[in-house]
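Scroll down for the structure; my scribbles are underneath it.
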There are 2 protein chains.
Amino acid sequence: MDFEVIAHDPSSGARRGRFVTSHSTVETPVFMPVGTQATVKSLSPDELKDLGARIILGNTYHLYLRPGSERVSRLGGLHSFMGWDGSILTDSGGFQVFSLARINKIEEDGVVFQSHIDGSRHMIRPETSMEIQMHLGSDIAMCFDECTTYPVAYEYARESMERTVRWARRCKDAHTREDQALFGIVQGSVFMDLREACLEKLVEIGFDGYALGSLSVGESKEQMLEVLETMAPRLPASHPRYLMGVGTPEDLVEGVRLGVDMFDCVMPTRNARNGMLFTSWGSIQIKNSGYAEDRNPIEPGCTCYTCRHFSRAYLRHLFMARELLAYRLNTIHNLHYYLNLMAGMRKAIEQGRFEEWRKEFYAVRSGDY
Amino acid sequence: MDFEVIAHDPSSGARRGRFVTSHSTVETPVFMPVGTQATVKSLSPDELKDLGARIILGNTYHLYLRPGSERVSRLGGLHSFMGWDGSILTDSGGFQVFSLARINKIEEDGVVFQSHIDGSRHMIRPETSMEIQMHLGSDIAMCFDECTTYPVAYEYARESMERTVRWARRCKDAHTREDQALFGIVQGSVFMDLREACLEKLVEIGFDGYALGSLSVGESKEQMLEVLETMAPRLPASHPRYLMGVGTPEDLVEGVRLGVDMFDCVMPTRNARNGMLFTSWGSIQIKNSGYAEDRNPIEPGCTCYTCRHFSRAYLRHLFMARELLAYRLNTIHNLHYYLNLMAGMRKAIEQGRFEEWRKEFYAVRSGDY
């Protein structure tokens with residue numbers, strides 16, 4: 001995968017880059033909307049494109065269980081199946097196996113678990129994860145890893161990290177698809193020596209990009225930031241750096257400041273479906289009765305389809321009446337907020353004024369602006 | 001309301017017309033998608049427009065209860081509230097009061113009932129229905145009527161019809177909004193003398209259009225057709241004729257043949273959400289396992305957004321996974337089918353070949369084509 005850094009911010013680790021897949025050119029830092037089951041919930045591919053998304057995330061675990069990765073392969077691959085001509089990154093299945101399924105056994109060979117859909121028994125080995133992701137035909141595949149929760153004992157975190165490294169080796173060996181990049185995932189929980197040891201071994205194996213896993217899994221904001229501050233700058237500068245499953249708008253800003261290039265998170269989409277909408281000054285709950293006759297858009301000045309056409313009063317009505325359109329209009333706004341936030345940071349880095357941009361970002365949120 | 005008939009089919013009662021409201025020109029015969037709670041479920045106003053809809057139906061009963069018609073009025077009326085710049089017809093609330101709410105009392109003055117949302121007690125009088133619809137600001141309002149079920153005793157049907165006529169008189173007196181048309185509703189169940197008596201009295205009062213109510217409420221297809229065959233041609237030819245809440249594609253074709261100009265029904269939208277999709281040869285259940293790897297669109301040759309972009313396999317996956325996008329894509333297809341069916345009939349009438357068109361319609365459905 002072609003990756004180039006085209007600008008560095010002079011006073012932070014922030015960097016402005018670009019990578020090219022066989023489906024699209026992706027400008028970084030980038031936020032990837034989550035399309036778990038071959039759809040970013042409630043949106044059409046056209047809407048995603050209009051929002052400026054050029055890469056989305058698909059979940060290996062979900063697609064393996066339903067509709068099945070071999071089926072997707074027979075149907076021409078994930079892009080064709082879901083009608084999305086941009087890029088796709090698939091996760092390894094690890095996180096969902098550990099968070100959604102009922103784990104029966106973690107062993108050297110792989111993980112035995114029961115489906116959250118029908119209780120059926122499955123085993124995913126590193127080689128299985130590669131096979132599934134090659135069937136799906138994503139542009140970027142992720143190594144199969146164990147995602148530790150927080151808190152975790154040092155000794156377990158070490159064993160788990162070492163197994164994840166051995167699995168990464170097996171993933172690299174099993175991965176043969178040349179039109180698909182493969183990223184390694186740095187584990188080690190909040191223990192910096194484990195994170196560093198993991199990174200060193202992954203770099204030895206050699207991947208197209210490097211990700212930080214198991215963050216935002218229960219540790220404090222300070223602990224997450226500490227791992228990020230220590231590790232993000234050490235991820236190879238020549239390759240994309242990906243902070244998995246994170247996070248709030250503030251998390252994205254801090255990640256970018258420390259040199260992260262890629263993010264994904266369900267927060268904008270899931271919160272939208274729960275009526276929580278993002279604005280520059282913080283988030284609002286659309287169900288609040290104060291919005292019942294509010295003719296303003298969610299955020300005055302916002303250029304998203306929802307804000308250009310509908311009032312808070314209408315969005316509140318749709319949400320209270322549990323109308324399907326509510327979920328879509330809210331999702332459009334929240335994803336616009338996230339993608340626009342990233343676009344703002346990209347521009348600020350290009351202009352060498354990221355730190356200034358960041359101060360304004362926080363000032364608006366604290367009401368000092 | 002301006003209404004003109006621009007073509008008559010030579011060998012049937014079918015007619016091609018046009019009416020103009022302050023929001024749009026509507027070509028008839030027309031099908032009106034149902035937008036119960038200020039939204040045609042799952043669709044944006046843009047999508048409705050792209051589908052060719054120029055008039056939709058809103059439900060007075062639902063909007064009165066939530067968000068409240070005075071609130072809608074303060075927010076600029078229903079068009080502005082929901083971002084729809086085409087025409088809107090509102091029903092009278094009668095049908096929903098009688099089908100959804102718990103009726104406490106039907107009396108000369110009006111109906112006392114309990115909300116299906118929170119059990120709260122309300123009374124709707126003919127004057128209330130007019131006030132609500134004038135607040136909503138629809139282009140066409142309907143008289144408040146009692147919708148009888150089937151079967152119903154002759155004596156009750158007669159009393160009910162006579163009350164409906166008295167209510168129609170009160171509606172006409174209470175209705176003062178000049179930018180809103182008012183239609184009368186012919187009741188009388190399957191009893192032709194009652195239907196005719198009702199019509200005669202409504203014409204005496206004088207309305208902008210005339211509707212047939214309480215059809216497709218439990219009577220047989222033959223009984224419905226009998227009422228339709230007797231009554232549709234007798235509705236004043238100079239005014240729009242509206243068959244309420246009907247029906248299947250076949251019902252629309254028979255209605256048009258008998259001179260009906262307007263239709264509405266939840267069938268295309270509700271069935272879409274249940275995975276039942278319309279095609280020219282009949283309907284299909286998208287959940288059938290036979291579609292799991294079917295790369296065809298719902299109907300080959302269909303020009304709707306869904307059929308141009310997605311396979312049956314993908315639509316089945318979305319439906320099985322209960323993804324929100326399923327309901328939207330299915331709704332788009334089904335409404336396209338209905339609106340396209342009407343467009344086909346309009347063209348056939350213009351060309352004086354409606355009967356030929358109708359034969360082909362049935363031939364395709366019986367597999368003889």
Exercise. Using the six-membered ring wherever Trp is involved, compare the ring planes of A/Y305 and A/F310 and label them parallel, tilted or perpendicular (cut-offs 30° and 60°).
Key: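 Rings of A/Y305 and A/F310: perpendicular, over 60°.
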Quiz item: Once the angle between the rings of B/F113 and B/Y61 is folded into 0 to 90°, is it parallel (under 30°), tilted (30 to 60°) or perpendicular (over 60°)?
Solution: tilted
Given that the side chain runs from C-beta out, which part of [X] has a heavy atom under 4.5 Å from chain B: side chain, backbone, both or neither?
X: A/Y327; result: side chain
X: A/A38; result: both
X: A/Q37; result: both
X: A/R328; result: side chain
X: A/L318; result: side chain

Quiz prompt | Greatest number of heavy atom pairs closer than 4.5 Å to chain B - which of A/H62, A/H317, A/R316 | solution =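 Going by pairs under 4.5 Å, I would pick A/H317.
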Per-residue contact mode, [X] against chain A (heavy atom under 4.5 angstrom):
X: B/A292; answer: both
X: B/E293; answer: both
X: B/T36; answer: neither

Quiz item: Above 12 or not: heavy atoms from other molecules or residues under 6.0 Å from CZ of A/R121?
Solution: no
Quiz item: Do B/Y314 and B/H309 get their side chains close enough for a donor-acceptor pair, meaning under 3.5 Å?
Solution: no
Can you tell which of [options] has the highest number of heavy-atom pairs within less than 4.5 Å of chain A?
options: B/L43, B/L75, B/L324, B/D294; answer: B/L75
options: B/R273, B/E47, B/M320; answer: B/E47
options: B/K41, B/R74, B/R71; answer: B/R71

Measure the shortest side-chain to side-chain distance between [X] and [Y] over non-hydrogen atoms and say whether it is less than 4.5 angstrom.
X: A/T128; Y: A/M123; answer: no
X: B/L341; Y: B/F278; answer: no
X: A/P249; Y: A/Y338; answer: yes
X: A/N330; Y: A/L277; answer: yes

